[in-house]
Amino acid sequence: MSFVVVDRALLADHATVVAPRLLNKILLRDDGRAVRIVEVEAYGGAEDGASHARGGPTARCAPMFGPPGHLYRYLIYGMHHCANVVTGPDAKGQAVLIRAGEPVARLDALRVARPRARRDVELANGPAKLCEAMSIGPALDGADLCDPSGLLRLVDDGTAPPRRPGRSTRIGITRDTARRWRWYVPGDPCVSGRSPS
DNA sequence: CTTTGGATCGTCT
DNA sequence: GACGATCCAAAGG
């Protein structure tokens, strides 16, 4: 089974449409490290009070208003990174946060990048853990995840998204908490924390 | 098992 | 000047 880069057209829809579509897709690093995406959250533009893009473009969230398929990476709590895939038909300020992944290749390298993980399940079962395991930092800001020769790629190994994904409210936000914009692979051991409803 | 608090700094108000 | 789209270790049941 080979990896094929995800077509940009798949990402050119509203974040809430793209998010469940990304479940079971794979993030692939140039050194072969790979994790299967098992948990995502959609973040919108001006209509979404929880989004970094709620007030329009800023220096930080500018990538969210760029073309789909690029990486929006930001620093949270002064010490962790979070990775998003920019989505949307045009510059609407939308992105999908990659919240958790299941290790699928180069586990040795993933363990080296994230030594605090005591078990392999903990290598990428959280948005900042995933970034640490995959070495996603400022150097990758704005990277085109659809570029077949890029350092970080969004690829498909032929596994379809779950027919009936789990769904809940988003985790860790303080505004617009009612939207159920989180999707995950039901029963996957790498889904982060305990699931809200 | 659950709960709590500390770490740490770029970004926006 | 305040606040996070988080993680972890320590402490308590």
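Computed from heavy atoms alone, side chains included, the values below leave out hydrogens, waters and symmetry copies. Sequence lines set the chain letters: A, B, ... in the order given, protein chains first and strands last, and positions in each chain run from 1.
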Check: Any donor-acceptor pair under 3.5 Å linking the side chain of A:Arg8 with the backbone of A:Cys146?
Finding: no
Notebook entry, point to check: Under the side chain to side chain donor-acceptor pair (under 3.5 Å) rule, what pairs show up with a residue in residues 60-74 of chain A, not counting sequence neighbours?
Noted result: A:His52-A:Tyr72, A:Arg73-A:His81, A:Arg73-A:Asp141
Checklist line | Heavy-atom closest pair, residues A:Ile171 and A:Tyr43 | finding: O-OH, 4.4 Å
Margin query: Can you list, in residue-number order, the parts of residues 123-142 of chain A that come under 4.0 Å of DNA chain B, counting heavy atoms only?
Written below: none
Checklist line | A:Thr16 side chain to A:Arg179 side chain, donor-acceptor N/O pair below 3.5 angstrom | finding: no
Checklist line | Nearest heavy-atom neighbours spanning A:Met134 and A:Arg29 | finding: O-NH1, 2.9 Å
Protein-nucleic acid N or O pairs under 3.5 Å, nucleotides 10-13 of chain B:
{"residue": "B:dC12", "atom": "OP1", "partner": "A:Thr58", "partner atom": "OG1", "Å": "2.1"}

Item checked: For A:Arg21, all residues meeting side chain to side chain donor-acceptor pair (under 3.5 Å), sequence neighbours excluded -> A:Asp13
Check: Quick one: do A:Arg182 and A:Glu39 make a salt bridge, cutoff under 4.0 Å?
Finding: yes
Note to self: Once you apply a heavy-atom cut-off of 4.0 Å, does A:Leu97 come out as touching a base, just sugar-phosphate, or nothing?
What the structure shows: base
Next item on the list: Answer yes when A:Arg114 and A:Glu132 have at least one side-chain N-carboxylate O distance shorter than 4.0 Å, and no when they do not.
Entry: yes
Notebook entry, point to check: Step by step, would you call A:Val104 with A:Arg36 a side-chain contact (heavy atoms from CB on, under 4.5 Å)?
Noted result: CA-CA 7 Å; A:Val104 296; A:Arg36 185 179 305 281; 3.9 Å; yes
Item checked: Bracket string, DNA chain B, 5' to 3' - pairs by Watson-Crick or G-U geometry under 3.5 Å, | interstrand -> |||||||.||||.
Notebook entry, point to check: Considering all heavy atoms of both residues, which atom of A:Cys190 and which atom of A:Val121 are nearest to each other, and what is their separation?
Noted result: SG-O, 3.9 Å
Note to self: For the residue pair A:Arg180 / A:Thr169, report whether a side-chain donor-acceptor contact shorter than 3.5 Å exists.
What the structure shows: no
Next item on the list: Give, for atom CG of A:Leu71 and atom CG of A:Leu151, the distance between the pair rounded to the nearest 0.5 Å.
Entry: 11.0 Å
Item checked: Opening and closing nucleotides of DNA chain C in contact with chain A, under 4.0 Å to non-hydrogen atoms -> C:dG4 to C:dA9
Next item on the list: Run the numbers on A:Leu97 and A:Val40 for side-chain contact (heavy atoms from CB on, under 4.5 Å), then give the verdict.
Entry: CA-CA 6 Å; A:Leu97 170 69; A:Val40 295; over 6 Å; no
Next item on the list: Assign A:Arg118 to base, sugar-phosphate, or nothing according to its heavy-atom contacts below 4.0 angstrom with the strands shown.
Entry: nothing
